[in-house]
**Q** 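Below are the structure tokens for one structure; questions will follow.
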Amino acid sequence: MSLRTLIVQRIRNQGPLTTAAFMDLALYHQTLGYYTRARRRTGRAGDFYTSVDVGPQFGALLATQLDEMHRLLAATGCPAFDLVEVGAGNGQLGRDLLNAAESTYPALYAATRLTLVETSTAARAAQPATLGRHRARLAASLEAIPDQVCGTILANELLDALPTHAVTMTSEGLREIYIDLTGDRFVERLGPLSCPELADYLARLDVVLTPGWRGEVNLAAADWVRMAARRLQRGFLMLIDYGHTADELYSGRHDGSTLTTFHRHLVGSVGDDPFQRGGPAWLAQPGEQDITSHVDLTTVRAVAEEEGLDVLGLTDQSHFLLGLGALNEADSGTEPGGVEAVKHRLALKTLLVPGGLGSTHKVLLLGKQVGTPALRGCSFEARTVETRA
Ligand SMILES: C[S@@+](CC[C@H](N)C(=O)[O-])C[C@H]1O[C@@H](n2cnc3c(N)ncnc32)[C@H](O)[C@@H]1O
């Protein structure tokens, strides 16, 4: 049975689905989900690019930040350095980090116990092969974050891939958007809120929503941050994602929902799509396309603080990587003027360029029982979205 047919039957039998339930099936159904079925969904042969796909430069720069975090933790008596990457896919970023640590930060390399956390069994199975000679550094490949992490929990483009609820303000108040059927076509329909947490979430943000406004409330992202904060015994949480502060996300600027799909590098949205014969593009091909939404960094930060974490920095990816020395890396290890040098510079440009990954992606750095050190990734303080608390 196709995933589409399965979802159609589910709606016929049980009624309309919340957008979170639809996304959960589309992306993570245990056999047919978009992420469940594949080792890797990104890159040229996939549906979209992440910073990891741009080249090893992203991992190499992050290794500089991890080296500093390792030294700070070692000074507090942590014997080893747990590096827990969540949403690790096939282990590509883990490999790039270990390559860079091995060549540039031998103490970090020696201390690192790598745990790759990934829900897709197909992607997990591919991790040892991707790590190659570093596979001995892989302490565990898991479905969930282990307890008592002493080190850094890192997630690149995880929170934006978690199933989210969608809501809209009407003249009768806040309503939830559900996925229903017209014939066998998926359509959106308004209904009452499926849980009171949705209204509570928005009320805490103190945002003014006028009739016609539509947006996402990602309860799963908040829950994930809470869980990660609890499993971190001492160390750092580094989150890199498409994101905005709540005043920006829940304002006129993002008035039309941030739900976005990626299929073979074509972008779709909540607007109509010809493949859906007039229905919204984001519902068109469940299981065949990625579905994402932008992250509400204000809530993520607030949840982390409630759990006792300190905010060490919130900046955009461009300034984060510049703080880590991206410009010093511009010619590193390549013959000046050669093809590799040009490729290397182009990769750095892709990671840094405003309007692309450099500004759409934000970096939130949090610490637990490590004080409030000034981290190197936040050293471009003049241009930081927000500096240390
Ligand atoms: C957009 S991909 C990002 C992959 C990789 N981090 C990168 O930047 O190239 C999101 C990944 O997170 C995984 N994922 C989703 N929810 C997860 C969870 N709760 N725990 C671990 N992995 C999860 C998905 O299966 C998918 O591989």
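These figures come from a predicted structure and were not determined experimentally. When a ligand or atom number is given, it counts from 1 through the structure's own listing order.
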**Q** Step through the shown structure and confirm whether more than 12 heavy atoms of other residues, nucleotides or ligands are within 6.0 Å of CG on N13.
**A**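 Counting other residues, nucleotides and ligands, CG of N13 exceeds 12 neighbours.
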**Q** Could you pull out every protein residue that has a heavy atom closer than 4.0 Å to ligand 1, ordered by chain and then number?
**A**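 Residues Y28, Y35, R40, F48, T50, V52, E85, V86, G87, V117, E118, T119, N156, E157, L158, L162 each place a heavy atom under 4.0 Å from ligand 1, listed by chain and number.
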**Q** I'd like to check the ring pair (Phe, Tyr, Trp, His ring centres under 6.0 Å) partners of H361; sequence neighbours left out, ordered by chain and number.
**A**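 Partners of H361 under the ring pair (Phe, Tyr, Trp, His ring centres under 6.0 Å) test: Y242.
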**Q** Using a distance-only test with no angle check, is there a side-chain donor-acceptor pair under 3.5 angstrom linking E157 and T50?
**A**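 Judged by distance alone, the side chains do not pair up.
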**Q** Which pairs, with at least one residue in residues 53-81 and sequence neighbours excluded, count as a salt bridge (charged side-chain N to carboxylate O under 4.0 Å, His left out)?
**A**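 Applying salt bridge (charged side-chain N to carboxylate O under 4.0 Å, His left out) to every pair that reaches into residues 53-81, excluding sequence neighbours, yields R40-D53, D67-R71.
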**Q** Please lay out, stage by stage, how T258 and E216 fare under the test side-chain hydrogen bond (donor to acceptor under 3.5 Å, both in side chains).
**A** CA-CA 7 Å; T258 67; E216 289 77 42; 2.8 Å; yes
**Q** Hey, what else clusters with Y49 if you join Ile, Leu, Val, Met, Phe, Trp, Tyr whenever side-chain heavy atoms sit under 4.5 Å?
**A** none
